Asks: 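To start, I am sharing the structure in question, which I have written as structure tokens.
Heavy atoms only: backbone and side chains are in, while hydrogens, waters and symmetry mates are out. Sequential numbering from 1 along the given sequence is applied to the chain's residues. Since we're looking at a predicted model, the values are computed, not measured.
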Amino acid sequence: MKTEARKNGSTGKGRLLMLSTALLWGLAGVCVKSIPWNSMSIMAARCFIAVLMIIAARKSFRLKTDKKTTLGAVMMTLTGILYMMSIKLTTAATAIVLQYIAPILVYLYTVIFKKAKLRMSEAVIVLAVFGGCVLSFADGLDPTKMLGNILGICSGITFAAQIIIFNDEDTNSEDGMYLSNLMGLFAGLPFMFFDKHLDFSAKTIMWVLILGVFQYGLANICYAKGCQSVDKIEGALILTVEPIFNPFPVWIVTGEKPGKLAIAGFVIVVLGVAAYGALPLIRSKLSGDKKADKIKTA
């Protein structure tokens, strides 16, 4: 039944869950910027809260894994760590837009390895999106920002791998999410003992709870259920709502404004990915118009 549903296309519920995931994930920038801890300490706290929420949602401590599920969990853990570090070292807007080379990488994967047909319109969009990423990357020329940009691109690569693996029918995405959060918890926990910026003020705890409960815990539950109901590429495209939403809470709360090149790159990437998402509708419209013209001619 699940295979048939996936073949017939996305479900409305799956799309809604993926959209909810994108909006919740979009809170990462403002939360991480508002918490003074180092990135690994934040990762540990976020994963601890998420683990408790996942256990409550599953009503079980049990975990079943296989090679694919474990690999997906590793990719998700690396994505979280790389993204956390990237936000700390560059602007939130730049970090998130560089991570969102993922939909394009997912598309290239389907073309190269799944033998999907490459169309000229899609190839142009791919080049435009990579051009936007280059502009965002060029915004931080000093060594500190450059490192953050490199980590942002790396998080995009692991994010693409995560999407591909978790959308596989043989992968248990819910177990993968659970395992990933356990990995993140144990990977980040030792760093908390050496974190000079660790404090437990009311403001910090508030942002930690928002990060763990909403941005990660609830978002992961939505993603685990939603990613199995949508196509790989469509799921990746729906998630691009995150980079559109992400910089605004950061701007409002911290006053952090991205540079001009980063804004230009951001706009190009978002428009490019949105255009890719609209291609099927455009083709359908053109196909319908051609059929109508043939009927009128006849």
Side-chain angles (χ1 to χ4, degrees), residues 18-50 53 76-77 79-102 136 139-140 144-145 147-149 151-156 159 181 184 188 191-192 195 197-223 238-263 265-267 269-270 273:
M18 293 300 281
L19 178 60
S20 299
T21 300
L23 292 172
L24 290 168
W25 276 353
L27 296 173
V30 67
C31 290
V32 174
K33 290 289 186 181
S34 300
I35 299 171
W37 306 353
N38 69 46
S39 56
M40 293 303 292
S41 296
I42 296 173
M43 185 74 179
R46 182 175 81 162
C47 288
F48 174 70
I49 296 172
M53 290 186 65
M76 184 177 182
T77 304
T79 299
I81 292 173
L82 291 167
Y83 179 54
M84 287 285 190
M85 294 174 70
S86 178
I87 291 179
K88 286 291 188 180
L89 296 174
T90 188
T91 66
T94 300
I96 191 61
V97 79
L98 290 175
Q99 187 185 67
Y100 268 82
I101 62 170
S136 291
D139 188 56
T144 301
K145 282 191 175 182
L147 177 58
N149 291 346
L151 293 174
I153 290 176
C154 290
S155 73
F159 188 27
N181 281 285
F191 290 87
M192 297 189 77
D195 190 347
H197 303 288
L198 201 67
D199 80 86
F200 297 95
S201 64
K203 182 181 178 181
T204 298
I205 294 301
M206 178 192 74
W207 284 113
V208 169
L209 289 175
I210 292 173
L211 182 71
V213 175
F214 297 101
Q215 190 277 330
Y216 209 58
L218 185 57
N220 282 355
I221 292 171
C222 291
Y223 179 71
I238 292 173
L239 290 177
T240 57
V241 170
E242 180 186 356
I244 298 172
F245 174 67
N246 186 292
F248 292 102
V250 177
W251 194 343
I252 293 169
V253 175
T254 70
E256 176 185 273
K257 296 181 181 180
K260 292 180 180 179
L261 289 177
I263 292 174
F266 173 82
V267 171
V269 170
V270 171
V273 176

Asks: Please report the interatomic distance OG1(Thr21) to CG(Leu218), rounded to the nearest 0.5 Å.
Replies: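 Between atom OG1 of Thr21 and atom CG of Leu218 there are 8.0 Å.
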Asks: What residue among Tyr223, Phe214, Tyr216 forms side-chain contact (heavy atoms from CB on, under 4.5 Å) with Leu24?
Replies: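 Among Tyr223, Phe214, Tyr216, the one meeting side-chain contact (heavy atoms from CB on, under 4.5 Å) with Leu24 is Phe214.
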Asks: With Asn220 as reference, evaluate Met53, Gln215, Met76 under the side-chain contact (heavy atoms from CB on, under 4.5 Å) test and give the passing residue.
Replies: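 Of all the options given, the one that passes is Met76.
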Asks: How about Asn38 and His197: do any of their side-chain heavy atoms sit closer than 4.5 Å?
Replies: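 The answer is no, as the side chains (C-beta and beyond) never meet within the 4.5 Å cut-off.
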Asks: Distance from Ile81 atom CD1 to Met43 atom CE, nearest 0.5 Å?
Replies: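 Ile81 atom CD1 to Met43 atom CE measures 5.0 Å (nearest 0.5 Å).
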Asks: Out of curiosity, Leu89 CG to Ser39 OG, how far, rounded to the nearest 0.5 Å?
Replies: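 Leu89 atom CG to Ser39 atom OG measures 7.5 Å (nearest 0.5 Å).
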Asks: Of all heavy-atom pairs between Pro36 and Asp199, which one has the smallest distance, and what is that distance?
Replies: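 Minimum heavy-atom separation between Pro36 and Asp199: CG-OD2, 3.1 Å.
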Asks: Which pair of non-hydrogen atoms, one from Val30 and one from Pro249, has the smallest distance, and what is that distance?
Replies: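 Scanning both residues completely, I find the closest heavy atoms to be CG2-O, 3.5 Å.
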Asks: Taking atom CG of Leu147 and atom NZ of Lys88, what is their separation to the nearest 0.5 Å?
Replies: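 Leu147 CG to Lys88 NZ: 14.5 Å, rounded to 0.5 Å.
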Asks: Please name the pair of heavy atoms, one in Ile210 and one in Cys31, separated by the smallest distance, quoted to 0.1 Å.
Replies: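 Here Ile210 and Cys31 meet closest at CG2-SG, 3.7 Å.
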Asks: Would you give the length of the straight line joining atom OG1 of Thr90 to atom CG of Leu151, rounded to the nearest 0.5 angstrom?
Replies: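 The CG atom of Leu151 is 10.0 Å from OG1 of Thr90, to the nearest 0.5 Å.
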Asks: Would you indicate whether Met84, at its atom CE, is surrounded by more than 12 heavy atoms from other residues, nucleotides or ligands within a distance under 6.0 Å?
Replies: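 Yes, because the 6.0 Å sphere around CE of Met84 holds more than 12 heavy atoms from other groups.
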Asks: I need the Met206 CE to Ile35 CD1 distance, nearest 0.5 Å.
Replies: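 The CE atom of Met206 sits 9.5 Å away from the CD1 atom of Ile35.
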Asks: Kindly give the heavy-atom pair with the smallest separation between Trp37 and Val208, and that separation in Å.
Replies: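 Of all heavy-atom pairs spanning Trp37 and Val208, the closest is CH2-CG2, 3.8 Å.
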Asks: Please name the pair of heavy atoms, one in Ser201 and one in Thr204, separated by the smallest distance, quoted to 0.1 Å.
Replies: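 So the minimum-distance heavy-atom pair works out to OG-OG1, 3.0 Å.
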Asks: What orientation do Phe159 and Trp25 show, parallel under 30°, tilted 30 to 60°, or perpendicular over 60°?
Replies: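 Rings of Phe159 and Trp25: perpendicular, as their planes differ by over 60°.
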Asks: Which pair of heavy atoms, one from Ser34 and one from Val253, lies closest together, and at what distance?
Replies: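 Looking at all heavy atoms of both residues, the closest pair is OG-CG1, 4.0 Å.
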Asks: Decide yes or no on side chain to side chain contact (heavy atoms under 4.5 Å, CB included) for Gln99 and Thr79, but give the supporting numbers first.
Replies: CA-CA 9 Å; Gln99 187 185 67; Thr79 299; 3.4 Å; yes
Asks: When you measure from the side chain of Ser86 to the backbone of Gly148, do you find a donor-acceptor pair of N or O atoms at a distance under 3.5 Å?
Replies: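 Yes: the side chain of Ser86 pairs with the backbone of Gly148.
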